[in-house]
Protein chains: 2
Amino acid sequence: MTDNPTSLRPTRQRRAITEALADAADFQSAQDIHDALRHAGDKVGLATVYRTLQAMAEAGEVDVLQGTGGESVYRRCSTHHHHHLVCRSCGRTVEVTGPAVETWADAVAREHDFAEVSHSLELFGICADCR
Amino acid sequence: MTDNPTSLRPTRQRRAITEALADAADFQSAQDIHDALRHAGDKVGLATVYRTLQAMAEAGEVDVLQGTGGESVYRRCSTHHHHHLVCRSCGRTVEVTGPAVETWADAVAREHDFAEVSHSLELFGICADCR
DNA sequence: CTAATTGCAAACGCTTTGCAGGTCC
DNA sequence: GGACCTGCAAAGCGTTTGCAATTAG
């Protein structure tokens with residue numbers, strides 16, 4: 001009857017995961033979150049973290065990106081939107097924002113009649129210290 | 001100028017992998033390439049494909065992206081540079097080019113004193129047919 | 001000949017899944 | 001009470017690595 005797009009029951013574990021995501025300013029892997037929860041005293045199974053994050057991603061509550069190590073990293077949607085400039089040599093990371101990119105992405109989406117468009121963008125290079 | 005930055009010995013296997021990458025217009029996973037080679041009659045070990053692609057990526061001969069399934073996908077650098085707009089629902093993919101993005105990426109790189117900057121960018125949304 | 005390279009199979013890290021028990025409404 | 005959720009441990013998947021045999025220069 002009530003069309004619940006995603007039937008997510010608000011359990012203690014899920015609240016904890018949501019909170020952990022809210023605390024984190026940046027992208028977090030499932031295991032990062034699992035660690036954080038454990039550190040905070042909330043005992044949540046690793047599998048539950050994976051399942052919950054997956055569900056939240058499908059529900060559109062969080063954004064997902066692919067980390068360089070083959071893991072998925074998550075952040076809550078409301079987070080300040082920015083991108084990363086990563087040094088291929090030392091791994092140093094700089095946060096950058098790109099109004100131009102956001103605008104462009106939006107335009108492209110409209111042009112091709114796509115809705116709910118999000119994007120993932122990362123820059124790689126060699127930083128000054130490593131040259 | 002024709003110095004070899006990385007001491008890669010041009011073996012039969014490596015030539016085959018390079019060729020397979022040249023044939024492919026788009027991104028290919030290591031296993032895709034392994035399949036293609038095998039199909040073409042060139043017997044190359046899977047581990048060798050992984051090792052070679054890794055070496056080529058480090059040498060800057062190919063670009064690497066993280067696939068959604070946690071795998072790495074490769075393409076030769078000389079490929080016409082473009083990005084993808086992917087439908088989250090049906091998987092339909094549109095190639096898009098973004099002069100604005102390229103310019104912006106370049107500017108950001110200079111601003112932060114990074115050299116040899118490359119970028120990976122993908123757009124996700126719901127296409128018109130899936131709405 | 002010497003050092004780089006290959007292939008195989010075992011090892012790895014991240015993620016998913018089966019199942020028995022617990023929880024929410 | 002019934003459906004959903006959780007935890008554990010085992011399985012799955014893509015990738016990496018150790019080691020002996022092979023190949024290029």
Side-chain angles (χ1 to χ4, degrees), chain A residues 1-21 27-59 61-75 91 120, chain B residues 2-21 24 27-59 61-75:
Chain A
M1 334 285 222
T2 51
D3 55 311
N4 213 335
T6 56
S7 54
L8 289 186
R9 195 142 60 180
T11 65
R12 197 164 322 236
Q13 290 88 335
R14 285 186 183 169
R15 284 190 210 285
I17 291 171
T18 302
E19 211 172 303
L21 270 171
F27 283 93
Q28 302 268 262
S29 73
Q31 313 211 19
D32 284 343
I33 290 175
H34 180 248
D35 275 2
L37 290 176
R38 176 173 250 200
H39 209 260
D42 290 304
K43 309 293 177 56
V44 181
L46 181 55
T48 299
V49 176
Y50 275 107
R51 277 190 281 235
T52 301
L53 286 173
Q54 216 170 243
M56 291 175 80
E58 249 166 77
E61 293 175 29
V62 296
D63 281 340
V64 199
L65 246 64
Q66 298 305 130
T68 52
E71 355 91 56
S72 296
V73 289
Y74 304 82
R75 86 177 162 193
S120 81
Chain B
T2 42
D3 62 305
N4 222 332
T6 54
S7 56
L8 290 185
R9 195 143 60 181
T11 65
R12 197 164 317 240
Q13 289 90 335
R14 286 189 181 163
R15 283 188 210 285
I17 291 171
T18 302
E19 212 172 302
L21 271 170
F27 284 92
Q28 304 266 263
S29 72
Q31 313 211 17
D32 285 343
I33 289 174
H34 180 245
D35 276 2
L37 290 177
R38 177 173 248 201
H39 209 260
D42 289 306
K43 310 294 178 52
V44 181
L46 181 56
T48 300
V49 175
Y50 276 106
R51 279 191 280 231
T52 301
L53 286 173
Q54 218 169 243
M56 291 175 79
E58 248 165 78
E61 293 176 27
V62 296
D63 281 341
V64 199
L65 247 65
Q66 297 304 128
T68 53
E71 354 91 57
S72 296
V73 289
Y74 304 84
R75 91 178 157 189

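Remember, predicted model here, so these are calculated numbers, not experimental data. Residue numbering restarts at 1 for every chain, and letters A, B, ... go by the order of the sequence lines. Just so you know, these numbers use all the heavy atoms, side chains as well, and skip hydrogens, waters and symmetry mates.
Taken to the nearest 0.5 Å, the NZ atom of K43(A) stands 12.0 Å off from the CD atom of Q13(A). One distance of note links CZ of R15(B) with CG of D42(B); it measures 12.0 Å at 0.5 Å rounding. In this structure, CD1 in I17(A) is found 7.0 Å from OG1 in T48(A), a value given to the nearest 0.5 Å. R14(B) contributes atom CZ, which lies 9.5 Å from atom CZ of R51(B) (distance to the nearest 0.5 angstrom).
The terminal axes of the helix from dC1(C)-dG25(D) to dC25(C)-dG1(D), fitted over 5 pairs per end, subtend an angle of 40° to the nearest 10°.
Going from atom CD of Q66(B) over to atom P of dC14(C) covers 13 Å, rounded to whole Å. Rounded to whole Å, the distance from CD on E71(A) to C1' on dT15(C) is 11 Å. Distance H34(B) NE2 to dT6(C) P: 13 Å, rounded to the nearest Å. Computed from coordinates, the Q31(B) CD to dG12(D) C1' distance equals 13 Å when rounded to whole Å.
The shortest distance between the side-chain N/O atoms of Q13(A) and the OP1/OP2 oxygens of dG7(D) is below 4.0 Å. The side chain of Y50(B) contributes an N or O atom lying less than 4.0 Å from OP1 or OP2 of dT15(D). The phosphate of dT15(D) has neither OP1 nor OP2 within less than 4.0 Å of any side-chain N or O from Q54(B).
Partners of Q54(A) under the side chain to side chain contact (heavy atoms under 4.5 Å, CB included) rule, at least two apart in sequence or in another chain, do not exist in this structure. Every residue two or more places apart in sequence or in another chain that forms a side chain to side chain contact (heavy atoms under 4.5 Å, CB included) with A57(A) is listed here: V62(A), V64(A), Y74(A). Qualifying salt bridge (Lys or Arg N to Asp or Glu O under 4.0 Å) partners for D63(A), counting only residues two or more places apart in sequence or in other chains: R75(A). In this structure, the side chain to side chain contact (heavy atoms under 4.5 Å, CB included) partners of T18(A), at least two apart in sequence or on a different chain, are M56(A).
Nearest heavy atom pair, residue G70(A) against residue Q66(B), reads N-NE2, 4.2 Å.
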Could you go through residues 27-37 of chain A and list every donor-acceptor pair under 3.5 Å that involves a side-chain atom there, pairing it with any protein atom two or more places apart or in another chain?
| unit_1 | atom_1 | unit_2 | atom_2 | d |
| --- | --- | --- | --- | --- |
| S29(A) | OG | Q31(A) | N | 3.4 |
| S29(A) | OG | D32(A) | N | 3.0 |
| S29(A) | OG | D32(A) | OD1 | 3.4 |
| S29(A) | OG | D32(A) | OD2 | 3.3 |
| Q31(A) | NE2 | Y50(A) | OH | 3.0 |
| D32(A) | OD2 | S29(A) | N | 3.1 |
| H34(A) | NE2 | V44(A) | O | 3.1 |

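Contact annotation for S72(A): backbone-only contact, meaning every heavy-atom pair under 4.0 Å involves sugar-phosphate atoms and none involves a base.
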Anything under 3.5 Å between a protein N or O and an N or O of nucleotides 19-25 of chain D, put it in a table, one pair a line.
| unit_1 | atom_1 | unit_2 | atom_2 | d |
| --- | --- | --- | --- | --- |
| dA24(D) | N3 | R9(B) | NH1 | 3.4 |

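Within residues 38-47 of chain B, the residues having any heavy atom closer than 4.0 Å to DNA chain C are, in order of number, K43(B), V44(B), G45(B), A47(B).
Of the two residues contacting DNA chain D, namely Y74(B) and T48(A), the nearest-nucleotide position lying further toward the 5' end is that of T48(A).
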